[in-house]
Amino acid sequence: MLKVWVRTLRYKIEDHAGIVGQPVRENFIGALWHNRLLIFPLTLRRFFSNRGGAALISPSRDGDLLTDAIHRFGFDVVRGSSSRLGAIALLQLGDVLAGGRDVVITPDGPLGPAYQLGPGIIFLAQKTRARVLPLNLEYSSCWRLKSWDQFIIPRPFSKVRVIIGEPVRIRSTSSDGEFEAERLRLQNAMMSLVERR
């Protein structure tokens with residue numbers, strides 16, 4: 001049913017990284033806000049079919065449904081979150097990157113607060129030296145759920161803008177203040193792509 005509904009959507013891509021349709025020269029940590037996650041598996045297949053990888057999905061019942069969708073569209077899954085299985089999941093994501101594949105994280109999930117970047121993605125980027133690729137999906141028409149992040153569901157026949165930001169290199173840090181500065185720098189880079197909050 002999801003596949004039929006998604007066929008009604010019209011896509012426009014804004015690729016500020018210059019990676020769509022290009023040979024894979026570098027692997028990235030994709031970063032997408034949690035409330036824009038619903039059709040992202042389909043976006044991966046449509047625009048990134050030449051890029052294999054894994055997505056970090058929470059070990060919840062909602063995560064079970066998303067895991068099935070991610071697998072159907074050819075991406076692997078690492079189960080974990082900032083609150084459960086975080087350290088193990090970060091090690092597994094590091095292995096995915098070391099194996100020459102991308103990873104995708106929703107850095108404000110699974111419990112929020114919305115648009116507040118958690119520390120895990122910064123740790124992963126520092127450990128692996130992979131650049132973070134800010135991603136966003138904007139819809140011309142959508143429904144908003146009454147959830148912690150006002151989860152977004154695009155209406156049938158709406159326009160979807162797939163926005164790929166410029167990659168961000170996370171710098172090494174030696175103090176809590178430096179780490180927080182890097183966290184805010186990446187959060188701001190992601191928020192610069194968001195139009196509808």
Side-chain angles (χ1 to χ4, degrees), residues 15-20 22-37 40-41 43-44 48 50-60 63 66-67 70 75-137 148-149 162-194:
D15 180 10
H16 301 284
I19 62 169
V20 174
Q22 299 299 314
V24 178
R25 295 186 182 92
E26 176 182 1
N27 295 104
F28 295 103
I29 301 168
L32 176 76
W33 295 123
H34 187 272
N35 62 6
R36 285 151 161 80
L37 191 56
F40 191 68
T43 305
L44 286 172
F48 302 101
N50 64 326
R51 302 186 73 93
L56 179 65
I57 304 295
S58 73
S60 65
L66 192 55
T67 293
I70 295 276
F75 235 58
D76 293 328
V77 168
V78 171
R79 298 302 295 266
S81 70
S82 57
S83 57
R84 296 167 61 191
L85 308 176
I88 294 168
L90 287 177
L91 290 172
Q92 291 173 332
L93 292 171
D95 289 344
V96 171
L97 287 162
R101 299 184 301 147
D102 298 323
V103 300
V104 177
I105 296 176
T106 55
D108 61 341
L111 299 173
Y115 306 120
Q116 176 95 25
L117 190 119
I121 193 169
I122 303 296
F123 286 127
L124 181 63
Q126 288 177 330
K127 178 183 181 292
T128 62
R129 302 299 300 147
R131 292 194 292 170
V132 179
L133 191 66
L135 303 165
N136 188 33
L137 300 173
W148 63 267
D149 61 351
V162 180
I163 306 166
I164 304 166
E166 293 184 19
V168 177
R169 172 79 64 198
I170 302 299
R171 297 183 280 255
S172 297
T173 56
S174 58
S175 70
D176 290 346
E178 289 179 358
F179 186 91
E180 177 63 7
E182 288 302 289
R183 189 192 70 76
L184 288 173
R185 187 167 68 90
L186 179 56
Q187 181 173 290
N188 291 339
M190 291 183 66
M191 289 307 296
S192 72
L193 306 181
V194 174

Colleague: Taking D108 for its side chain and H34 for its backbone only, find out whether a donor-acceptor pair lies under 3.5 Å.
Modeller: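 Judged by distance alone, yes, a pair lies under 3.5 Å.
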
Colleague: Between K127 and L91, is any pair of side-chain heavy atoms under 4.5 Å apart?
Modeller: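 Of all side-chain heavy-atom pairs linking L91 with K127, at least one is under 4.5 Å.
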
Colleague: So, R36 side chain and N136 main chain: donor-acceptor pair closer than 3.5 Å or not?
Modeller: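 It does not hold such a pair.
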
Colleague: Supply the atom-to-atom distance R101 CZ to L93 CG, rounded to the nearest 0.5 angstrom.
Modeller: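 The CZ atom of R101 sits 10.0 Å away from the CG atom of L93.
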
Colleague: Can you name the closest pair of heavy atoms from L37 and P41 and give their distance?
Modeller: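 Between these two residues, the closest heavy atoms are O-CD, 3.5 Å.
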
Colleague: Under the side chain to side chain contact (heavy atoms under 4.5 Å, CB included) rule, what do L137 and V162 come out as? Steps first, then yes or no, please.
Modeller: CA-CA 5 Å; L137 300 173; V162 180; 3.7 Å; yes

Colleague: For the atom pair CZ (R51) and CG (L44), what is the distance rounded to the nearest 0.5 Å?
Modeller: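 With rounding to 0.5 Å, CZ (R51) is 10.5 Å from CG (L44).
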
Colleague: Between T128 and I29, is any pair of side-chain heavy atoms under 4.5 Å apart?
Modeller: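 The answer is yes; the side chains approach within 4.5 Å.
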
Colleague: With a 4.5 Å cut-off on side-chain heavy atoms, are I164 and L133 touching?
Modeller: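 Result yes, sub-4.5 Å side-chain heavy-atom pair found.
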
Colleague: Please give me the minimum heavy-atom distance between V96 and A54, naming the atom from each residue.
Modeller: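 Residues V96 and A54, closest heavy atoms: CG2-CB, 4.0 Å.
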
Colleague: Restricting to non-hydrogen atoms, name the atom on A17 and the atom on G165 that form the minimum distance, rounded to 0.1 Å.
Modeller: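 Closest approach of A17 to G165: CB-O, 3.5 Å.
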
Colleague: If I take atom CZ from residue R183 and atom CG from residue N188, how far apart are they, to the nearest 0.5 angstrom?
Modeller: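 With rounding to 0.5 Å, CZ (R183) is 9.0 Å from CG (N188).
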
Colleague: Do side-chain atoms of N50 reach the backbone of Q22 as a donor and acceptor pair under 3.5 angstrom?
Modeller: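 A pair under 3.5 Å: yes.
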
Colleague: Would you say that F40 contacts T106 through its side chain, given a criterion of any heavy-atom pair below 4.5 Å between the two side chains?
Modeller: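 Side chain of F40 against side chain of T106, heavy atoms only: no contact under 4.5 Å found.
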
Colleague: When rounded to the nearest 0.5 angstrom, what is the spacing between CZ in F28 and CG in L135?
Modeller: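 The distance works out to 10.0 Å.
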
Colleague: If you measure from CG on L56 to CD1 on I121, what distance do you get to the nearest 0.5 Å?
Modeller: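 These two atoms lie 9.5 Å from each other.
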
Colleague: Should we say atom CD of E178 is surrounded by more than 12 heavy atoms from elsewhere, each under 6.0 Å from it?
Modeller: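 More than 12 within 6.0 Å, yes.
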
Colleague: Picking from V24, N27, I19, what satisfies side chain to side chain contact (heavy atoms under 4.5 Å, CB included) with D102?
Modeller: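 So, applying the side chain to side chain contact (heavy atoms under 4.5 Å, CB included) to D102 and each of V24, N27, I19, only N27 qualifies.
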
Colleague: Within the structure provided, determine whether I105 and L124 are in side-chain contact (heavy-atom separation under 4.5 Å).
Modeller: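 Result yes, sub-4.5 Å side-chain heavy-atom pair found.
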
Colleague: Contact between M191 and W33 at the side-chain level, heavy atoms closer than 4.5 Å - yes or no?
Modeller: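 In short, these two side chains touch, coming nearer than 4.5 Å.
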
Colleague: If the condition is salt bridge (charged side-chain N to carboxylate O under 4.0 Å, His left out), which residues does E26 pass it with, not counting sequence neighbours?
Modeller: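 If we apply the salt bridge (charged side-chain N to carboxylate O under 4.0 Å, His left out) test to E26, skipping adjacent residues, the hits are R131.
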
Colleague: Just by distance, do the side chain of E182 and the backbone of R171 share a donor-acceptor pair under 3.5 Å?
Modeller: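 A pair under 3.5 Å: yes.
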
Colleague: Would you name the heavy atoms of P134 and M190 that are closest together and state the gap between them?
Modeller: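 Closest heavy-atom pair between P134 and M190: CB-CG, 4.1 Å.
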
Colleague: Could you measure the distance from the CH2 atom of W148 to the CG atom of N35? Nearest 0.5 Å is fine.
Modeller: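 Between atom CH2 of W148 and atom CG of N35 there are 7.5 Å.
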
Colleague: Do the side chain of Q187 and the main chain of L117 share a donor and acceptor less than 3.5 angstrom apart?
Modeller: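 Flag set: sc Q187 to bb L117 pair under 3.5 Å.
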
Colleague: Nearest heavy-atom pair of V168 and A189: which atoms, and what distance?
Modeller: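 Distance-wise, the nearest heavy atoms are CG2-CB, 4.0 Å.
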
